[in-house]
Amino acid sequence: MADTIEELVTQIKDRLDIVEVVSKEVILKKSGSHYWGCCPFHKEKTPSFSVNPNLGFFKCFGCGAGGDALTFIMKTQNKEFIEVIRELAEKFGLEMPKNFKRSESKGLKEAMIKACSKAAEFYNLRLLKDKNPETSKVLDYLSGRGITKDIIEKYNLGLAPKTYETFYKKFRDEFSDEVLEKAGLIIKTREGDYIDRFRNRVIIPIQNEFGEVVAFGARAIEKDQQPKYLNSSDSLIYNKSKLLFGLYTAKDAIKQEDSVILMEGYFDVISAQAHGIENAVASCGTSLTTDHIKLLSRYTPSRRIYLSFDTDAAGQKATNRNAELIKETFSGLGNIKQFDESYISTTNDKYSCEIRVIAPPEGKDPDEFIRSVGAESYREYMAHAPLLLDFQLNNIMKEKPKTPIEKTKTVKEIIPLLKEIKNEIIQSEYIRMIANTLNIDENALMREVKKAQSFDREKDANIEKIVKKNIPISEKAQKNLLSVFLVTDNHFSFDEIKQMISDTPFTDETLINVKSAIDKLTCTVNNVKELIEQLYTAFIEKPEVQSIITDLITTSETFQNLDDKDFVTAIRENINKINECQKRKEQEQIRNLYKSANDNDTEALKIQMQLRDKINNRLKSEKMNE
């Protein structure tokens, strides 16, 4: 157990990987030694958000946000420092110092997860062990969907009884009503009594990334039973907008195959995974979100996503809607793959993402297709799945328009797709192919596409840019001096650098505080990385100071790879700038005082004497330095 909160913070930081932390919120792409993405703290199209994994900090060159992994968590989750520390300590199995009380929410979350686990076990045993007509009917239904006993055991599928209180009566002595209700396992009636939330339904446990059961999907058994699917509501342990069904059992396959298949329903995923298509996942009864996409990007470096929804009109709409969301989420990383030069990319990071559509012609959903036609046939369609662009163009042109009005309508649908193609050669090839297919003038189609692109550029040009303030020369020089402490490859010790700048007059109050912290910390830390970590911790509750520390780290890169002579020269030049600015400031102050004292001969004489003394002291100082 850590004796102080500072020791605990150090232990937590040792376990945090800033790239992993940031990747939960930002799609990152490696470039050199840094990772880049679109800033989560302001809206932008071109990535200006940088992560330095070696020194453990992030910085946005657009809005100026910066800090370490703890800062990022606090800012993105809008949480206080101590709340984040409690949660991370719990995650890493670390104990809070004795003077900190145990979090009440921690105990409640643990109890809710335990209750969900017990519920999954209860429902599963009802399905597998009960010998009654009700259970046999459900087993027959599942068998008809290709769900065998082995699949039931693997995915822990269960059955909720018809009765209103069977589950509640069994577990009300083991768990409090608060725990069971907040876990979404019971509901309160108008009369104030508790009844089971799930009744007469096939139960599908939902696991988080770590394999813990945190929620349930429940499918109706009776023909007219409504709703068809009843899902757990969001809770302390479950957020449907950030969790994907089947991810826990799919993530190893997603990593191995560097691709993921997005499906629509629970049974689509269960059927696919059970038949060897293990990289399939689905949302939990809700629309796909950017958080879902960000989550998946952590497991597939090339961001290769297959969309596999129903092939009816509703399924087509879902495909287009989700594709747009994926493109928007990855928009800051470059161009989407739009031309099938090869099914195997030459590099995993060649494109921002690769979206393909699996659409067998039989008109079946993935579950039905795999059961009736077979997993091997599904894999064949997957192996030849068209890119999103080709799929969308084929869908638009399959009606084969004949009249000028029909062709005009088709072209209007096609132009938004063509104008997104950034590569002019690829774009011209598509325009030529489409013009031939529709039997229209190629040049006319090209002009329409260019006109649409020109309009988009004009809109982008009108987007208001972030205004950056000019930093005074003295403040900039003071920052430069502090940044030399953070240069990773210099040959001078912390003490030697302190001696070089010891007499320099710092005037900015915040920078004085940072310098004071550096002077103190350099007495105990052994290297630059430790100094940076301790600086961020020292100002953990002052984000404006942390941003300045980030600026100092970034500025320190200017002094990298300098030899000793140039390094010392750079320090002296900045000291001279500060001294010169200080002299000018003093002169301006005396000048203003002298002007204000002109009407008073005595005061004017005093100021003249002060000015004479300052000049004499400066001359003496200059002679000593010669």
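We use all heavy atoms of the structure for the numbers below, so side chains are in, but hydrogens, waters and symmetry mates are not. Since this is a predicted model, take the numbers as computed values, not measurements.
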Original post:
Which salt bridge (Lys or Arg N to Asp or Glu O under 4.0 Å) pairs, counting each pair once, include a residue from residues 241-253, with sequence neighbours left out?
Top reply: none

**OP:** Begin from the C-alpha positions of Gln546 and Ile540 and carry the test side chain to side chain contact (heavy atoms under 4.5 Å, CB included) through to its verdict.
**Re:** CA-CA 7 Å; Gln546 286 197 330; Ile540 191 70; 3.6 Å; yes

State plainly whether the residues [X] and [Y] are in salt-bridge range, i.e. N to O under 4.0 Å.
| X | Y | answer |
| --- | --- | --- |
| Arg356 | Glu354 | yes |
| Lys137 | Glu134 | no |
| Arg298 | Glu20 | no |
| Asp150 | Lys154 | no |
| Glu121 | Lys118 | no |
| Arg145 | Asp367 | yes |

Could you grab the distance from atom [atom1] of [X] to atom [atom2] of [Y], nearest 0.5 Å is fine?
| X | Y | atom1 | atom2 | answer |
| --- | --- | --- | --- | --- |
| Ile355 | Gln392 | CD1 | CD | 8.5 Å |
| Ile358 | Arg379 | CD1 | CZ | 11.5 Å |
| Thr148 | Leu139 | OG1 | CG | 11.0 Å |
| Arg303 | Thr329 | CZ | OG1 | 12.0 Å |

Side chains of [Y] and [X]: any donor to acceptor distance under 3.5 Å?
| X | Y | result |
| --- | --- | --- |
| Ser117 | Glu212 | no |
| Asp68 | Thr71 | yes |
| Lys337 | Ser352 | no |
| Thr550 | Tyr536 | yes |
| Tyr299 | Gln256 | no |
| Tyr194 | Glu181 | yes |
| Ser241 | Asp291 | no |
| Asn54 | Ser33 | no |
| Arg197 | Tyr168 | no |
| Tyr238 | Asn231 | no |

Are there over 12 heavy-atom neighbours, none belonging to [X], within less than 6.0 Å of that residue's [atom1]?
| X | atom1 | result |
| --- | --- | --- |
| Glu328 | CD | no |
| Lys327 | NZ | yes |
| Lys79 | NZ | yes |
| Gln225 | CD | yes |

Original post:
Among Arg201, Lys228, Lys162, whose salt bridge (charged side-chain N to carboxylate O under 4.0 Å, His left out) with Glu222 holds?
Top reply: Lys162

Subject >> Ring-face cation contact, Tyr164 with Arg199, 6.0 Å cut, 45° max >> reply: yes

**OP:** Validate the cation-pi geometry between Lys75 and Phe41: distance from NZ or CZ to the six-membered ring centre under 6.0 Å, angle to the ring axis within 45°.
**Re:** yes

Original post:
Is any side-chain heavy atom of Ile270 less than 4.5 Å from a side-chain heavy atom of Leu157?
Top reply: yes

**OP:** Would you check if the side chain of His292 reaches a backbone N or O of Ser283 as a donor-acceptor pair within less than 3.5 Å?
**Re:** no

Original post:
Under 3.5 Å, is there a donor-acceptor pair between the side chain of Asp258 and the main chain of Ser302?
Top reply: yes

Subject >> Verdict with reasoning, Tyr306 to Val260, per side chain to side chain contact (heavy atoms under 4.5 Å, CB included) >> reply: CA-CA 6 Å; Tyr306 291 86; Val260 62; over 6 Å; no

Subject >> Audit row: Ser233, Lys240, side-chain hydrogen bond (donor to acceptor under 3.5 Å, both in side chains) steps and yes/no >> reply: CA-CA 8 Å; Ser233 302; Lys240 65 173 71 73; 5.7 Å; no

Subject >> Parallel, tilted or perpendicular: rings of Phe267 and Tyr229 (30°, 60°) >> reply: tilted

Original post:
So Phe49 and Phe72, would you call those rings parallel, tilted or perpendicular, with 30° and 60° as cut-offs?
Top reply: tilted

**OP:** Just do the side chain to side chain contact (heavy atoms under 4.5 Å, CB included) check on Leu236 and Leu108 with the steps written out, would you?
**Re:** CA-CA 9 Å; Leu236 279 173; Leu108 179 58; 3.4 Å; yes

Original post:
What's the verdict on side-chain hydrogen bond (donor to acceptor under 3.5 Å, both in side chains) for Asp196 and Thr166, showing C-alpha distance, side-chain angles and the deciding distance?
Top reply: CA-CA 7 Å; Asp196 298 351; Thr166 305; 4.8 Å; no

**OP:** Give a yes or no on whether the ring-centroid distance for Phe58 and Tyr35 is below 6.0 angstrom.
**Re:** no

Original post:
Ring centroid separation for Phe122 and Phe167, is it under 6.0 angstrom?
Top reply: yes

**OP:** Quick one: do Thr249 and Gln273 satisfy side-chain hydrogen bond (donor to acceptor under 3.5 Å, both in side chains)? Show the steps, please.
**Re:** CA-CA 8 Å; Thr249 47; Gln273 290 189 9; 2.8 Å; yes

Original post:
Checking side-chain hydrogen bond (donor to acceptor under 3.5 Å, both in side chains) for the pair Ser143/Asp140: CA distance, chi angles, key distance, verdict?
Top reply: CA-CA 5 Å; Ser143 178; Asp140 289 342; 6.0 Å; no

